[in-house]
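Comments concern the structure below.
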Amino acid sequence: MKSINKFFYIIYLIPYSYIALILDYFGKKSPIYSFIMILGYLSVLTPIFVVKFYKNSLLGILFIILGNFINSGISFILIKFFTNYTEYDYYFKPFGMLRLSVFLTILSLILQIITYILIYTKNKYLK
């Protein structure tokens, strides 16, 4: 079980917002554009499933916040240094690529905290 928990620490190192934005931008050239775009934006919600393993402790919220902060930082670095984000900004109006990445991370963080609170309170009252 401990090796499984170590895997869930690694899941936040995947830059989900970067993946979502890149799939959205380059997916427009694909015949299955809508499927690729939906897959990219749904990848932002993947860390929600990590919440299940931290339902017995309030340290889960700290883990969620720290994980999303790390995820946002990695996405920001990848966008800033490995893409021509000023060229892609016209596609991601009105936010732009960097701001939309932060927005997706904040949205994911809010959904993860809500999920965590719902799981935590459900288990608290069931005991």
Side-chain angles (χ1 to χ4, degrees):
M1 186 69 176
K2 289 185 179 183
S3 64
I4 293 174
N5 286 340
K6 289 179 184 176
F7 170 73
F8 288 121
Y9 291 120
I10 295 171
I11 202 164
Y12 278 107
L13 297 178
I14 300 170
Y16 293 107
S17 58
Y18 175 75
I19 292 169
L21 294 174
I22 291 299
L23 284 178
D24 187 10
Y25 183 76
F26 290 107
K28 68 182 178 191
K29 298 173 184 166
S30 171
I32 52 173
Y33 165 68
S34 59
F35 178 72
I36 291 174
M37 184 183 72
I38 290 170
L39 240 139
Y41 284 110
L42 285 178
S43 69
V44 173
L45 302 177
T46 303
I48 286 177
F49 302 109
V50 174
V51 173
K52 178 181 173 188
F53 294 98
Y54 292 94
K55 60 186 172 190
N56 294 329
S57 169
L58 287 176
L59 291 174
I61 290 182
L62 180 63
F63 175 74
I64 292 169
I65 293 171
L66 183 63
N68 278 296
F69 182 72
I70 291 169
N71 188 342
S72 179
I74 292 171
S75 293
F76 184 79
I77 289 169
L78 288 174
I79 290 171
K80 189 81 170 165
F81 295 113
F82 294 108
T83 60
N84 190 0
Y85 67 94
T86 55
E87 181 182 320
Y88 302 153
D89 275 349
Y90 74 92
Y91 183 76
F92 297 108
K93 287 181 182 177
F95 291 115
M97 195 167 188
L98 289 172
R99 290 186 202 121
L100 188 58
S101 173
V102 171
F103 175 74
L104 287 174
T105 304
I106 290 171
L107 180 66
S108 177
L109 175 67
I110 291 169
L111 290 175
Q112 290 172 33
I113 289 176
I114 290 171
T115 305
Y116 178 80
I117 290 171
L118 290 175
I119 290 172
Y120 186 74
T121 56
K122 176 184 170 190
N123 287 336
K124 186 178 177 182
Y125 289 116
L126 288 177
K127 289 182 181 179

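When reading the values below, keep in mind they use all heavy atoms of this one structure, side chains included, and skip hydrogens, waters and symmetry mates.
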Sub-4.5 Å side-chain heavy-atom contact between [X] and [Y]:
{"X": "Leu21", "Y": "Thr83", "answer": "no"}
{"X": "Ile74", "Y": "Tyr18", "answer": "no"}
{"X": "Ile79", "Y": "Ile22", "answer": "no"}

Ser75 side chain to Ser101 side chain, donor-acceptor N/O pair below 3.5 angstrom = no

Minimum heavy-atom distance Asn68-Thr105, with the two atoms named | O-CG2, 3.5 Å

Exercise: identify the closest heavy-atom pair between Met97 and Asp89 =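 For Met97 and Asp89, the tightest heavy-atom pair comes out as N-OD1, 2.8 Å.
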
Name the one of Phe103, Tyr85, Tyr90 that satisfies ring-ring contact (aromatic ring centres under 6.0 Å, His included) with Phe95?
-> Phe103

Do Phe69 and Ile114 share a hydrophobic cluster, counting only Ile, Leu, Val, Met, Phe, Trp and Tyr and linking them when any side-chain heavy atoms are less than 4.5 Å apart?
-> no

[atom1]/[X] to [atom2]/[Y] distance, rounded to the nearest 0.5 angstrom?
{"X": "Ile110", "Y": "Ile64", "atom1": "CD1", "atom2": "CD1", "result": "12.5 Å"}
{"X": "Thr86", "Y": "Lys80", "atom1": "OG1", "atom2": "NZ", "result": "9.0 Å"}
{"X": "Leu111", "Y": "Ile106", "atom1": "CG", "atom2": "CD1", "result": "12.0 Å"}
{"X": "Leu104", "Y": "Ile19", "atom1": "CG", "atom2": "CD1", "result": "12.0 Å"}

Quick one: sort the Tyr25 and Tyr91 rings into parallel, tilted or perpendicular, breaks at 30° and 60°.
-> perpendicular

